[in-house]
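Sequence positions, counted from 1, serve as the residue numbers for this chain.
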Amino acid sequence: MAKWTWTCSHRSSSGRAGPRQSRPDLGIDEQVRLLEFFRLQNDEGPCLGCFRTGTPVIVPDPTREIARWPRFVTAARRSGFGAVQALPMLLRDETVGALNLFRATPGPFDLAATPLAQALADVATISLLQQRSSRRSTVLNEQLRTVLNSRVLIEQAKGKLSERQSIDMEQAFTALRGYARSHNRRLSDVARVFIDGSEPLPGLGA
């Protein structure tokens with residue numbers, strides 16, 4: 001994300017650039033992080049408007065918006081930003097974020113460069129979605145692994161209890177589940193303790 005916004009700032013001559021998501025630490029330098037922090041904390045600024053409406057917000061001179069965004073304008077001025085342009089990051093009809101372009105001096109942005117900036121915002125959107133997809137896939141794999149490991153432990157505990165008490169597997173499972181429920185513990189934890197014998201489990205013969 002930082003690489004793309006830096007390229008965007010270079011090609012559009014905007015001076016500095018920073019992406020807007022739900023976190024303030026994704027800017028390319030400390031000044032952008034500080035500005036995003038103020039904007040998020042005070043719930044105001046062009047990036048928030050862009051995110052809510054899904055349309056670009058161009059502010060050639062933030063000082064003219066002091067009545068609308070007092071804290072944002074103050075923070076922008078202190079951070080050395082004279083103009084800001086917010087571009088939507090769109091997924092079909094859904095706005096998933098916004099890309100901020102900052103410039104040190106006030107004045108209009110080059111309209112000819114806006115389509116390029118929007119294209120880079122679209123690329124950033126794709127990158128963001130791929131990252132989300134990868135994260136969700138990782139979480140799902142971890143969840144499946146946990147479920148599988150728990151299932152293996154439970155099956156081993158069922159076999160051990162079945163052999164020890166000369167009962168069938170269904171009865172062993174019922175006994176393990178009943179113990180877990182009555183003691184407010186997870187079944188997999190009870191199974192693990194029963195297998196390794198790390199603590200006594202009255203009623204289960206361990």
Would you call the rings of H183 and Y179 parallel, tilted or perpendicular if under 30° counts as parallel and over 60° as perpendicular? parallel
Side chain of [X], backbone of [Y]: donor and acceptor closer than 3.5 Å?
X: Q85; Y: L101; result: no
X: Q171; Y: D168; result: yes
X: Q165; Y: A172; result: no

Shared hydrophobic cluster, [X] / [Y] (ILVMFWY, side-chain heavy atoms < 4.5 Å):
X: M169; Y: L176; result: no
X: I154; Y: I167; result: yes
X: L187; Y: V193; result: yes

Please determine if E155 and K158 form a salt bridge, counting it only when a charged side-chain N lies under 4.0 Å from a carboxylate O. yes
R77/T74 under side-chain contact (heavy atoms from CB on, under 4.5 Å): CA gap, chis, key distance, verdict: CA-CA 5 Å; R77 187 166 46 197; T74 301; 4.3 Å; yes
In L87, V123, L99, the residue satisfying side-chain contact (heavy atoms from CB on, under 4.5 Å) with Q118 is L87
Please determine which of T125, L90, T53 meets the side-chain contact (heavy atoms from CB on, under 4.5 Å) test together with T95. L90
For a quick test of reading the model, state the closest non-hydrogen atom pair linking [X] to [Y] and the distance between them.
X: G107; Y: A83; answer: O-CB, 3.8 Å
X: S150; Y: S188; answer: OG-CB, 3.6 Å
X: L161; Y: F194; answer: N-CE2, 3.5 Å
X: V96; Y: F51; answer: C-CE1, 3.8 Å

Working to the nearest 0.5 Å, report the span between CZ of R192 and CD of Q156. 10.5 Å
What do the steps show when you test L48 against E44 for side-chain contact (heavy atoms from CB on, under 4.5 Å), and what is the final call? CA-CA 6 Å; L48 183 62; E44 63 180 48; 5.6 Å; no
With a sphere of 6.0 Å drawn around CZ of R185, does it hold more than 12 non-hydrogen atoms of other residues, nucleotides or ligands? yes
Within-4.5 Å side-chain heavy-atom neighbours: C47 and F72: no
